[in-house]
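To find a chain, count down the sequence lines: A is the first, B the second, and so on, and within it residues start at 1. What you are looking at is a predicted structure, and each value in this text was computed from that prediction instead of being measured.
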Amino acid sequence: MRILVVEDDDLKRKTLVQFIIERLGGVTLAEGRSFQSGMKEVVATTPDLILLDMSIPTFDHSPVEPGGRVRAFGGLDFLEELSRLEIETKVIVVSQFDSFGGGKETQTLEELCRRMKTEFPELFCGSVFYQSSETAWRAALSAQMTLLGLGRDA
Amino acid sequence: MAKKKNVAKRTLARRNEKRAERDNRMPRSSLAQVSRSPQAFFAQQLPALLRALAEEPRLLGPEMWPTSFDEMQLLTLVRGPANLDDAIKWRAAVLLYHSARLNRFHECAERFQAALLTRDAIKGDEILARIREEFGVSLWWLRSRLQLAALCGGLASLREAAAHAEGETSEGLQICASLFSSKLDPDSSLNDFAYTVDRTLALGANRQTILAQKIVEYFRFQVDSLDLLRSVDPFDLLAFGSRLPAIDQYMMFLALAQRICTTTGAIGTAALRRSIGHLAGAFSDVRFGLLATLLSSDGTRTLPIPPSRLVTAIDGYTRGDYDTVVSLCLGEIDGGTCAFEFYELCAKSLFFIERSPIVLASEADGLSRRILAALHEVLKQDRDVANAIVTLEKCACLLEGSRFASQLNAFLKMQSRAVTACNSSRYFLLNSCCVTPRFVEISSRPYVREKILQDLSAHWPSSPSIRLFSRGADMVLDVEPVRSLKYSARLAATEGRHEDAIQTFSGALTQARPDTPMYFEIADALFASYISTNRQCEALLLLVNTYGRRPPLFAGLLIADLLRPGYRRSVFKHIFSRLEWPLAFRILAAAGEGSSSDVNRRQYGAYADFLASHGATRPTQLAYREWAARNPGFKFVSFLRFVCVPEVMDSSVAFENSEEIERERITICQTLLEIDPTNGDTYAQEIARRTQTMAVRRALNYLGDSKIYVDTDGVVRALEPTFRMGFERFLKMRELSQRHRRIVVMRSVENGSRIVVDFRDLAQETFEELFLELKNRFISSNEFGLDSYLSVRLRHGTLSAQIRRCFERDKLITQRNATTNEYEPNMEWIDRLALSPTDDKRSVYSDAFRRFAHAVDAAISEVIKQWIQIRSDATPTGMFDFNYRDEDITAVYKSVGLMKEFDSFVSVCLAELWKRTEVSLARIRERLNSELRRRLSEALAALESDVGPGFRECLSALKRATAQCRTELSHDLDAIVSWFRRSDTTSVPDYEIQQLTETAIEIVRNCHPQVRFSPAVDVPRNSRVLGRFFSAFVDVLFIVFDNVVRHSGSMEPKVQFRLSFLRNTVELSVTNVLSVEASARLTPEKLEQIRDLAGASSTARDSIRFEGGTGFVKLRKLLFYDLKRAEEAELKVKLLDGGATFQVLMQVSSGGLFV
């Protein structure tokens, strides 16, 4: 079982990784911090499950790389590319924001979920609203993973 | 029992009969019936209603021909007909009752339209005066009055007329007058008008009731009858307008009947059909006749036939006799014809004789010529089409209320493919001046089409146009070949022979001239045929090839329909290798279809499909010369220019970082320079801009690498000659024998009298002196030492700004007030979180944000004042630890060994000092990564917790802001941690002054995200600064610019930077305007203090290694020592313009500084 976590927030990514290790134990874990590193990992290894942030930078940040274009709907970009490449990996969106974009392009997480369900029914499994200070996300993510037949409940 | 029932039934029937007889009785009973049982009254058939009116005109209600505005009743809220059919019948009866007078009005109205078209103000005035005298006032009259004023008198005249009208008593009338004039304002766009309508009809708190909303829609319809985008409720409109003047009821009824007949799927009821039938018989207005023709169930309606001149023009166009058509049409147009058909024929014919309409010199020229010119531009479908459409929309407003305006408006909707609430092409035809052959397209019923063509043929038997519609091109000889193909194809399509239609249309398209309206008409028809036969790929290819070079509005909607979200990609798989595939998405993007992120996403997919189908992962892998040769024209150029852009390419895993993408794009632009030289300037500018951006980014990286620096050459130079003399002495010591080198040193006194001694090596002692001297300079030299650079490049403001910037960007943190030393209240968030200005939670929020700001600044202060310091008695917590114990010095002494060369000796010592520095740097990096990160994260968490439950949406916004800050802070801290590495400035290339300046500006913007910093820069092009002076140069500019931002007192400081060469010197001048407060703070004493700091004697001061008010000291040090100008530098500060402007002037010798 290969699981990929695509998340640019270091603390959140580490927390998710830790959660997976605690819950599932022996899985092969990979991490991506941007659209590019996540997609490269997908192309190279075709994971079974992706935990995906919605808003991500294009490239991994580093002192010499400012990260490129910030993608408010990077999660959608990711799903679209998975669909185009006909990669059948399940995706759970884990986000700490409840709305994305700005101005007339603002969409709530709920609206985006409906859209992802319609446009990517084979890939998108659901979303989890993540808050670092609370634990409800654990149960929600556990429930999603249980639906996918992954390990025991948290 | 059954018998009783029958009796009851018969009794009831008799009662009903008597009631019906009673209801059908005349005069007084009609009025009574309306008040007693209005539904029953209005349910009568039209002839009965007409009879009732004829005998009892009081049924009409108030005056239908009011002589003053006071008498007008705009809005009716009384009970009337119960349903639309009854409302239609009743209104038709009313109009029929007034038909004779309304016909006379119609004639006058047509003449008035002609006066407007020919801009004949006198005639227009006369006609309006006569209309008022004979027919009274109305909304139509009011609007016409304003139209005439706007057209012939301009804005002032319009406002005068509007003010006069707005002075009338009725509020509804005032609203209408105000909105009419707003629409006719020459400087106001239709978007502005739409906004004005929304604002005027907002209704405030009452808008939620259904009745209020209906009244708003009613007024909206009255003031904007050209709005085909909104659907209308005819029943409500008829009901509310039942007491309007006769003229307005006539206009409204016609418009509503047309809307009903053009709404998709609807063709009107029997009531409408019969009513229109009666009206067509009584009215001379052609629109009733056209409606009747459309609604006729058996096609036996007598048609309003075209005048002979129009038939001549149509036939001339069909035959291809374009010169004749233009002459004839121009004559009609200049004569003020209200037949749009002449304009259309003339504009289209001009394409074939390559003659543009006479250019209108000014607003003084007639409206008709302006319309013709704009129409021609619209049909050209090039880059001016959007402006031309706007011009025509304004012209339609000037003629609103006329058939011509309705037809023109519908034409524009068709051209721009606007999504209207009704069928635009049918609406267009229903506003024709007569029945022309084209009118057959209004109905799909074969017998209606046949009847129309038969009637026309009866009048014009030799007309090739009529025969063309009847039989296609087969039997019509004197028709232009392409046109005959087009009509044959259309006939085939109408008859369902789509394959034939496609073949014939395709043939016609190859023969038609690409720059003519006919070409686009054929393309549109071919597209429709492709769609009918599910050939989406061909349809898409056709659209791109036809419209790819045109403004996107023509194809955007059609492509959006083909490629709507959820479309099946597999359908288009076999055109992935065609350029049209990615270009289709480019057209979508240019047409504004979808959000920018959606557009980029889909564009990328098509781009990737295309490249993959040609075995490429990057555009530069395509053999572009071959491609350009195989694809002459716009497609390959458009692909490279508009599709292969960073926002699309950056989704490809073929690139490793942002710089690679920039380089790819630069290479693409270089390719475009070669294959599309016409737009060479555009590409050259893009190359320059991107190169500059990359250079600045690289420069910022270099600067990040050069924060930890010691000018070791400077240190050693400054030690001369005493240090070298000391080294010589050390060498001599070392040559002595051990016994001769031994010296005694008292270590301690024990038990009061016992002296304890150590034996030392004199050579080692000498070495220790040298080493400590070098160490001292290495660390503490004001000009060259580590501490000085730590102060200039980190502690002075850079570090603080880098940490604070993400908080400032999201406005989570405020500044400290210089006078009170308290943090300014964070009104931005307090106002968002508090429920009201008096919400007692405001003080809670204020305190929370203050605590947060304090926590952040306290953490920053600790880093600056305690961590990034040289450890000493004064700064015991400093993390740069250069304390050497005896054994440490012994180790260094041993590593020197028997070295005899001075340079090698110094190198070994410096290597040791750098080694010690790097140990300290590693500790600092670790502490920044752990402790500082943790403290700032905790501060954010504390802020969220302290704020507590606020207004839900704003709390969500706060959580968003803090979450974003956490991520950005993490990146900023990563950058800061990377600064704490030993710098390597050997690889810095030479830089253009422009790029250095941009780099410094970029740093200031990064440090102060809330300030709009855009200095005017005047520097020579093509002058390059040597790479080794890069950091120092940027430091100079940064200190001065940063000073401006901090002290000018403005969030958008006005700054000018100039660099100029004067003989052997270079002068840098930074001038900025001071705010009133800043100017007041800059007292003569303060200015003197600044001058003192900038003065010659200040460099030696230790203050250079401290922060707070030491910018000019640092500046001087940079000019003198870092730029190695020694005594050939000058630094002055001045107040200009009576104290309103502050100037920093630096002059240095230019020798050895530039390439």
Side-chain angles (χ1 to χ4, degrees), chain A residues 7-13 33 35-44 53 55-74 76-81 83-86 95-101 103-108 115 118-120 130-133, chain B residues 565-566 569 594-598 600-602 604-606 608-609 612 646-647 649-662 697-698 700-702 704-705 933 937 940-941 944-945 953 956-957 959-960 962-964 966-979 981 1006:
Chain A
E7 171 60 60
D8 62 318
D9 183 319
D10 289 338
L11 184 60
K12 183 182 160 199
R13 190 177 64 254
R33 291 160 54 212
F35 176 88
Q36 282 274 346
S37 59
M39 192 49 67
K40 283 180 169 100
E41 185 66 35
V42 167
V43 168
D53 193 9
S55 296
I56 43 178
T58 298
F59 292 100
D60 288 5
H61 265 275
S62 75
V64 296
E65 170 56 66
R69 185 165 58 101
V70 173
R71 296 166 183 252
F73 301 99
L76 277 180
D77 296 345
F78 212 89
L79 281 162
E80 177 93 26
E81 187 61 357
S83 174
R84 192 183 72 82
L85 295 172
E86 295 173 357
S95 178
Q96 53 188 334
F97 299 131
D98 56 6
S99 70
F100 305 87
K104 287 183 185 167
E105 299 192 4
T106 305
Q107 292 183 63
T108 62
R115 190 176 158 180
T118 310
E119 291 182 29
F120 311 106
Y130 173 95
Q131 285 183 277
S132 55
S133 54
Chain B
R569 229 172 116 256
S595 66
S596 58
S597 56
D598 283 346
N600 279 337
R601 183 179 314 123
R602 299 173 75 191
Y604 168 71
D609 291 336
E647 310 78 79
M649 296 194 290
D650 69 359
S651 292
S652 166
V653 295
F655 300 99
E656 293 300 320
N657 51 51
S658 302
E659 183 153 324
E660 268 190 42
I661 293 179
E662 289 286 325
R697 192 180 300 136
R698 248 180 272 129
L700 289 171
N701 292 339
Y702 291 137
D705 288 343
R933 225 177 263 272
S937 186
L940 279 169
E944 285 174 359
S945 149
E953 270 185 33
S956 170
K959 283 194 174 173
R960 234 185 119 67
T962 54
Q964 268 171 341
R966 272 199 188 85
T967 309
E968 284 165 23
L969 181 65
S970 176
H971 300 141
D972 287 343
L973 286 175
D974 286 343
I976 290 170
V977 166
S978 75
W979 291 349
R981 290 180 199 283
N1006 284 341

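- Contacts with chain B were tallied for A/K12, A/M39, A/R115, A/K40; A/K40 has the most, counting heavy-atom pairs under 4.5 Å.
- The side-chain heavy atoms of B/I661 and A/F59, taken from C-beta on, include a pair separated by under 4.5 Å.
- Of the possible donor and acceptor atoms, one in the side chain of A/E65 sits under 3.5 Å from a partner among the backbone N and O of B/S658.
- Neither the backbone nor the side chain of B/A612 comes within contact range of chain A, judged by heavy atoms closer than 4.5 Å.
- Taking 4.5 Å as the limit, some side-chain heavy atom of A/L76 sits within range of a side-chain heavy atom of B/R601.
- B/N600 has its side chain out of reach of A/R71: every pair of non-hydrogen atoms, C-beta onward, lies at least 4.5 Å apart.
- Nearest heavy-atom pair across A/E105 and B/S596 is OE2-N, 3.0 Å.
- With a 4.5 angstrom heavy-atom cutoff, B/R697 touches chain A only via side-chain atoms.
- The two atoms that bring B/S651 and A/Q36 nearest to each other are C-NE2, 3.9 Å, heavy atoms only.
- Using a 4.5 Å cut-off between heavy atoms, A/S62 does not touch chain B at all.
- Put simply, the side chain of A/E81 does not reach to within 4.5 Å of the side chain of B/S652, judged on heavy atoms.
- With a 4.5 Å cut-off on non-hydrogen atoms, A/Q107 does not touch chain B at all.
- Side-chain contact between B/H971 and A/D8: present, with at least one pair of heavy atoms (C-beta onward) separated by less than 4.5 Å.
- Separation of atoms CD (A/E7) and OG1 (B/T967) is listed at 7.0 Å; rounding is to 0.5 Å.
- Considering only heavy-atom pairs separated by less than 4.5 Å from chain A, the leading option among B/A975, B/A941, B/G704, B/A608 is B/A608.
- Taking 4.5 Å as the limit, every side-chain heavy atom of A/V70 sits out of range of all side-chain heavy atoms of B/E968.
- Residue with the most contacts toward chain A among B/D598, B/L700, B/I976: B/D598 (heavy-atom pairs, distance under 4.5 Å).
- Only the side chain of B/S970 comes within less than 4.5 Å of a heavy atom in chain A; its backbone stays farther off.
- Looking at A/D9 and B/R966, no side-chain N of the basic residue comes within less than 4.0 Å of a carboxylate O on the acidic one, giving no salt bridge.
- Smallest separation of non-hydrogen atoms from B/E647 and A/R69: O-NH2, 3.0 Å.
- Across B/N701, B/D974, B/D650, the residue that shares the most heavy-atom pairs under 4.5 angstrom with chain A is B/D650.
- Taking 4.5 Å as the limit, every side-chain heavy atom of B/Y604 sits out of range of all side-chain heavy atoms of A/E80.
- Looking at A/P66, the atoms closer than 4.5 Å to chain B (heavy atoms on both sides) all sit in the side chain, from C-beta outward.
- When heavy atoms are compared at a cutoff of 4.5 Å, A/F35 approaches chain B solely by way of its side chain, counted from C-beta outward.
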